[in-house]
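Positions are given from 1, in the same order as the sequence printed here.
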Amino acid sequence: MTNIFNSKSRAAGFKSGVLSAALCLLFAQTAWADNVLKDVKAATQADGRTAITLQFAEPVGDIQAFSTDNPPRIAIDLPETSNAFAQRKLLLSTGAAKSVNTVESGGRTRVVVDLAKNTPYRTQALGNTLVLTLDPKSAAGNAVAVSAIDFKRGDNGSGRMIVRFDGANAAPVMKEQGTELVVDIANAKLPADLRRQMDVAGYATPVMNIDARDMGGKTRLVLNTKGKADMMAYQTGNEYVVEVTPKAAAAVAKTDMARTGAVSSGKKTTGYAGRPVTFNFQDVPVRTVLQLIADESNLNIVAADSVGGNVTLRLVNVPWDQALEIVLRAKGLDKRKDGNVIWIGPQQELASYEQAKEDARIAIETREETITEYIQINYGNAEAIAKLLTENSKSGTGGGGAGAGGQQRGFLSSRGSVSFDPRTNTLLLIDIPKKVAEIKQLLQTLDRAVDQVMIEARIVVAQDSFARELGAKFGVNDRYGVDATNPGVTRDSGFNVNLPLSNPAGILNFSILGANTSLDVELQALETKGKGEVISNPRVITSNQKAAVIRQGDEVGYVTTQASGTTTVPQATVEFKEVLLELKVTPTITQDGRVFLDLGVKKDEIKDFLSTPTGDVPQIQKREVSTAVLVDDGQTVVIGGVYEFKNRDDVSKVPFLGDIPFLGSLFKKSSKDMEKAELLIFVTPRILKPAPRVN
């Protein structure tokens, strides 16, 4: 009969698939036990061994014994045995053991021996008596040799030391000493070629080096670590593995496992979330190990009849789910999880069961009657949805039609078909009821109103200019040279200075007159300031992942001449240039409510006209940006900016005289020009969610 190992939570309900097995278990637990534990005694022998004697009412049947390292214990399970030992707990004064505890539960009795330290043991059944012998000296008699020491980098940056032996009787004991992890193997010899220190710092794990030492017939391995780390170890057969994981990586792996439920499938996982356990199984039945793991995991484990055999396994601080993986891997088993029940069986047996189950499902579908459904599509396109439903998945094989042998075609069964009516935007679906229900549920997700986005852009062009010019006229006239033939006419002396402005804003003129000489000075000045700001504000609304374009502007015409045909006479033609304000954008709404914008913004202006023999040609000033940016809903972001600054100083002067302090201003003309221009482009997306419809 298939065995069911219950978790500690006995009240957890089974699903219908295991109901009959649960009833069988309930019946088994209420049945009368076949044997009775009557008494427990302990004695220390002359050779240092401790003998613990268990007295029964009937001859001893099958027993299941195992040990744990932390705390050091030996447990003996007695199936179909009740406990009549009145003392329940027996305190011992021997050096090897501290106490013996007896507990009855579910029609079986467990005897637990608390040890002072890990000690080899053996059991012997003699009629109605079971003798448990603790022999601290027997470990040296089963000596093995270390055949190899290897080191690898594991998942999440963990360091993994792998020790291999030439036999299966090695008994390693691991303990922490500060930043060192010490593994003592009392019954293992270390060959001379392995007595060395291994530098493993280059693996980037918490382990810096491994020191392998011979301690007078026993082996000691010292792992020097850095930082805080979690340690665990397990032994299967001739191999002993110590794994050191950084604290942060271990916490992340545990969080990921708790979120994703890593035990929910039969696939191997890279992290484990179970509570750490320590076991030492010496040739213990696999079913006993599964019972212990069920007790630790609060899950129900169902083992197939074909699960059998014994296992030798040493686990130190290993998560229970990883311990289960190790046991399954060691015995060629696999698992499937259904709720709080874990099914365990040989890999081939589980695979055959699942294949048979799938074949039965396909057989039922091939005989099931089909139904017809007419499904109205509200927001999507019926033709596109029909294509989606009938296309083969990427992992499938075959072409576009329904395949033979029960193969599915997209979301349809092998017998299903779908067509559409473009006029009413309706799907016509024919398939088995299960597939029709699945497709209708799928359409509830696909056929919904798409969110829209309003994109608003602001283009700001700010200009600031300043110009200043200073000029002067300076002249001297005298009356000494008088023409006798023309009395009263003056003659220019030739010392005039003329540095005027072309269009002065103001003139200051003064003269100094003497008896025969006049001095004329004219100062001219011009200062101009200009400020301007141009704001363009295009906005557009579009659906999610749909491109939108908005344009505004003019086409400016101009005349060009060119020879046409065989004539050499130029022909005049009119050509046009676009001067546009344009916003082009494709928004994508992310799952967290933000908007990814793929956009282009353009703003053209006529800067000037160039004169040509055929007319004026417009000179267009272009401002353009193309980018992709992720923006929060309603957030304004500056996607581009250009800052221009021009500064020009010009001076025209009379050599030497223009450099004279103060008076030099009369002999020079100066001008100063400054221009500043700034371009900024702002974008604000706003998600417009559709209002719910009232039926």
Side-chain angles (χ1 to χ4, degrees), residues 1-30 105-108 253-277 279 285-308 315 318-362 364-365 433-435 437-438 441-442 445:
M1 182 181 70
T2 299
N3 286 58
I4 301 178
F5 306 106
N6 272 20
S7 67
K8 293 179 181 178
S9 178
R10 302 290 182 182
F14 283 128
K15 296 189 175 181
S16 59
V18 295
L19 181 58
S20 59
L23 293 176
C24 294
L25 175 67
L26 180 61
F27 176 78
Q29 289 182 344
T30 57
S105 175
R108 65 188 176 108
K254 185 173 182 179
T255 302
D256 291 344
M257 292 298 298
R259 183 176 64 251
T260 58
V263 195
S264 61
S265 69
K267 297 180 180 179
K268 182 181 177 181
T269 56
T270 57
Y272 302 92
R275 187 172 67 87
V277 295
F279 293 136
V286 173
R287 293 178 178 274
T288 301
V289 178
L290 296 179
Q291 174 67 66
L292 293 173
I293 294 176
D295 293 341
E296 294 291 339
S297 63
N298 290 331
L299 293 173
N300 300 294
I301 296 180
V302 180
D305 293 337
S306 52
V307 175
L315 307 173
V318 177
W320 69 258
D321 45 352
Q322 185 176 11
L324 179 59
E325 292 280 356
I326 294 170
V327 173
L328 298 182
R329 187 165 60 245
K331 303 302 293 183
L333 304 175
D334 206 348
K335 71 177 184 295
R336 300 292 184 267
K337 188 171 184 293
D338 183 9
N340 69 335
V341 178
I342 296 180
W343 300 77
I344 292 179
Q347 295 177 353
Q348 184 60 42
E349 184 175 323
L350 291 182
S352 299
Y353 167 77
E354 292 176 340
Q355 182 63 47
K357 184 179 178 181
E358 181 66 15
D359 293 341
R361 182 191 65 80
I362 294 175
I364 292 174
E365 288 185 356
K434 176 184 175 183
K435 285 296 179 182
E438 290 176 356
Q441 185 176 4
L442 173 65
T445 302

Walk me through it: do Leu299 and Trp320 pass the test side chain to side chain contact (heavy atoms under 4.5 Å, CB included)?
CA-CA 11 Å; Leu299 293 173; Trp320 69 258; 3.6 Å; yes
From CA spacing to verdict: side chain to side chain contact (heavy atoms under 4.5 Å, CB included), Gln347, Leu333
CA-CA 5 Å; Gln347 295 177 353; Leu333 304 175; 5.8 Å; no
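Atom CD1 of Ile301 sits about 10.0 Å away from atom NZ of Lys335, to the nearest 0.5 Å. Considering CD1 of Ile342 and CZ of Arg336, their distance stands at 12.0 Å, rounded to 0.5 Å. In this structure, Lys337 NZ and Ile344 CD1 are separated by 12.5 Å, a value rounded to the nearest 0.5 Å.
When all heavy atoms of Glu349 and Ala304 are compared, the closest pair comes out as OE2-CB, 3.5 Å. Here the shortest heavy-atom pairing between Leu350 and Trp343 reads CD1-O, 4.5 Å. When all heavy atoms are compared, the tightest approach of Lys331 to Gly308 is CE-O, 4.0 Å. Between Val277 and Ala323, the shortest heavy-atom distance links the atoms CG2-CB, 4.5 Å.
Under a 4.0 Å N-O distance rule, the pair Lys357/Glu354 does not qualify as a salt bridge.
For the pair Val307/Val286, a side-chain contact is recorded, criterion being any heavy-atom separation below 4.5 Å from C-beta on. Two residues are said to be in side-chain contact when any heavy atoms from C-beta on lie closer than 4.5 Å; Leu324 and Val289 fail this criterion. Contact annotation: the side chain of Lys435 approaches that of Glu438 to within less than 4.5 Å [non-hydrogen atoms, C-beta and beyond].
Every residue meeting the side chain to side chain donor-acceptor pair (under 3.5 Å) condition with Gln355, not counting sequence neighbours, appears here in chain and number order: Asp359.
No donor-acceptor distance shorter than 3.5 angstrom exists from the side chain of Asp334 to the backbone of Pro346, with no hydrogens or angles considered.
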